[in-house]
Structure formats: structure tokens, C-alpha cells
Amino acid sequence: MRRIAFFGGSFDPPHRGHLAIATAAADCFALNQVLFAPADRQPLKGKYPATDFLHRYTMTALAAQADPRFLPSLLDAPQRNATDDTRPNYTVETLARLRALLAAEPEPTALFTLLGADSWLDIGRWFQAPRLLALTDWIVAARPGFLLACAEAALPPEVKVERNQRSNGAANHSSSALPACDLILHHADATATRVWFLPHLKEDISATDLRAALDRGQIDRELLPAPVSDYIAKTGIYRSITQESSLR
Ligand code: ATP
């Protein structure tokens, strides 16, 4: 069975932290593909992303060149609707669409959603969280400053959690069998989905910090994939994040 992970985010800009967690997940779970899907508007991120979707998608496609398992995806691209132009994209709808697309293909697919611990700790606030959590299995990457120990408490009350016994760390796993998961989520419709933690990641990088540095004219090539830093240097898109992007 093919294994695919959906990896959503602002990717404003995509950085080495994103590549590190996607690589770790692809290695640990023998993923065939990681779909890097920049989101149009994220309901919980206020005004951000300030950078035009086309720039973020282009940078994500450039970053995804780092590994043949990585693919840029337009699944979470702007979905303007005639009656409500301000409606954000909701991950529950994006994942439901992805599941339907995959179900129509001849080869069966195991679908995972990959996200960082900061995003997971907020999952109870995501739109239709109980339904969302039933749609895929979940891979949660550790992130400095965010405690995986609080992962269960983040879940909405409708979801019943079972802690699974885990004999060894998922990060050491290399065969094609899945490692034992950390949590099993039981849903109202009697289905279950699984959650794995990648506890060993320590990528102390954030796009917010990178944007602040870029706004001061500093491009930190250590923290950005090379084609992304070249693109930023050529276009000057972060020269002032308070101005409208040049593609608008
Ligand atoms: P921002 O600082 O703008 O909020 P970000 O660096 O968190 O951005 P996003 O594009 O919002 O990047 O992140 C996409 C996904 O990658 C999210 O699930 C986030 O939790 C995860 N992620 C981003 N950076 C890291 C990191 N350094 N370690 C672990 N997970 C990360």
C-alpha cells in the first residue's frame, strides 16, 4: 500500500525546519510522497500569511526539489467562492477532498497528516476538529518550546484517547512495517485513527523569525533551502512585509 503524508502550512517562507521534519517523517514511515501544500488563508493565523499565495507556492515547489519524495501541492490553494470571498480554507475540507481523490485511484493509499507540535497543541480549535481528526492518521513532529506531553490535553472532548504501548522510538524505525503508534483516537462513528510523535526533532527555526530578519535585509542561507534563498534575493518579496506583494 502506498503511503502519503499531507503537509500543510503557510510556508512563508519554506525553511530547513520544514524539510527536516518532512525527511524524518518520510524516513520513519517509509512514505512514498509528502505533499507540501501551502494554505491560502489559515483561519487561526489572523492576517498572515502576508505573502501572496503564488510566491509561497513557487518557493514551496523550489524547496520540494530537495527530495524526490517531496511534491508541491495545490490542494490548499485559494478556493474563491462566488457567495463568500472571505471564507478561509479549512483543513477538514482539504483532507476530505484529498481522501476522495485518493479513493478514486486504483492503488490503495494510507494517508497521514504531518504537522509540528505547535500546530497539534492548537488542534482542538481547528474547524470541525472531531471530524478532522477522524480523516487521517497523524504524525506530530517535536518543536522546541512546545511540549508533546500536552498532546492529549489538546484534543477535543468528543474524541476518546487511548495511550498505546510503544516499545521503541519511531525515529529509529526503518522497516516498511509501521512503528507502534503513541495514541489511538476513537471517534463517534466507531472508527479509530492513530497518532505518532517524532520526539527527537529539535529544529529551532520559525518562518516568523525568518521574515523579521528578511525584512531587515538579512537572508540567512543556513536556514533556507538554497533555491528558496535565491528566489527571495531575486524577487525581494520580503523587503517589507508590510507592503503589498509584487505579484498582486
Ligand atoms: P510561522 O512562524 O509563520 O507561524 P512556521 O515556521 O510555524 O511559520 P508554517 O508554514 O506555519 O511554519 O508550518 C507548517 C507546519 O510545519 C506546521 O505544522 C508547523 O507546526 C510545522 N513546523 C514549522 N516549523 C517547524 C519546526 N521548526 N519544527 C517542527 N515543526 C515545524
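Keep in mind it's a predicted model, so treat the numbers as computed, not measured. First listed ligand is number 1; within each ligand, the first listed atom is number 1. Just the heavy atoms: all of them, side chains too, but no hydrogens, waters or symmetry mates, feed the values below.
Atoms of ligand 1 lying under 4.0 Å from any heavy atom of I21, numbered from 1 in the order shown and given with element: 29 (C), 30 (N). Near G8, meaning under 4.0 Å from one of its heavy atoms, ligand 1 places the atoms 14 (C), 15 (C). For ligand 1, the atoms lying closer than 4.0 Å to a non-hydrogen atom of G9 are 10 (O), 14 (C). Those atoms of ligand 1 with a heavy atom of H18 less than 4.0 angstrom away are 9 (P), 10 (O), 12 (O), 13 (O), 14 (C), 16 (O), 23 (C). Here is the list of ligand 1 atoms found below 4.0 Å of a heavy atom in F7: 15 (C), 16 (O). Set against the non-hydrogen atoms of T208, the atoms of ligand 1 under 4.0 Å away are 1 (P), 2 (O), 3 (O), 4 (O). Residue-ligand proximity, R211 to ligand 1, at heavy-atom distances under 4.0 Å covers atoms 3 (O). Near S10, meaning under 4.0 Å from one of its heavy atoms, ligand 1 places the atoms 9 (P), 10 (O), 11 (O).
For atom 6 (O) of ligand 1, the nearest non-hydrogen atom from the set G116, A22, A207 comes from A207.
Side-chain contact between T91 and F127 is absent, with no heavy-atom pair separated by less than 4.5 Å. Counting only heavy atoms from C-beta outward, the side chains of R221 and I232 never approach each other to under 4.5 Å. Residues P14 and R56 are not in side-chain contact: their nearest non-hydrogen atoms beyond the backbone lie 4.5 Å or more apart. Side-chain contact between I237 and Y231: present, with at least one pair of heavy atoms (C-beta onward) separated by less than 4.5 Å. Looking at E105 and R2, their side chains come closer than 4.5 Å, going by heavy atoms from C-beta outward.
A centroid separation of less than 6.0 Å is found between the aromatic rings of H18 and F11.
Contacts between L115 and ligand 1 below 4.0 angstrom, taking non-hydrogen atoms only, involve backbone and side chain alike.
The shortest separation from a heavy atom of W120 to ligand 1 is not under 4.0 Å, leaving the residue out of contact. Ligand 1 lies less than 4.0 angstrom from a heavy atom belonging to I205. At least one heavy atom of D118 lies less than 4.0 angstrom from ligand 1. Within the structure, ligand 1 has A142 among the residues with a heavy atom less than 4.0 angstrom away.
Rounding to the nearest 0.5 Å gives a distance of 11.0 Å between CG of D118 and CD1 of I123.
The ring pair (Phe, Tyr, Trp, His ring centres under 6.0 Å) test applied to F6 returns no partner, not counting sequence neighbours.
Among the atoms of F11, some N or O lies under 3.5 angstrom from an N or O of ligand 1. The shortest N or O to N or O distance between R143 and ligand 1 is below 3.5 Å. When only interatomic distances are considered, the shortest N/O to N/O separation between D12 and ligand 1 does not fall below 3.5 Å.
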*Decide yes or no on ring pair (Phe, Tyr, Trp, His ring centres under 6.0 Å) for F197 and W120, but give the supporting numbers first.*
CA-CA 11 Å; F197 300 138; W120 178 267; 7.3 Å; no

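Screening W196, W138, F7 for a ring pair (Phe, Tyr, Trp, His ring centres under 6.0 Å) involving F112 leaves a single residue, W196.
Counting only N and O atoms by type, the side chains of D12 and Y238 include a donor and acceptor under 3.5 Å apart.
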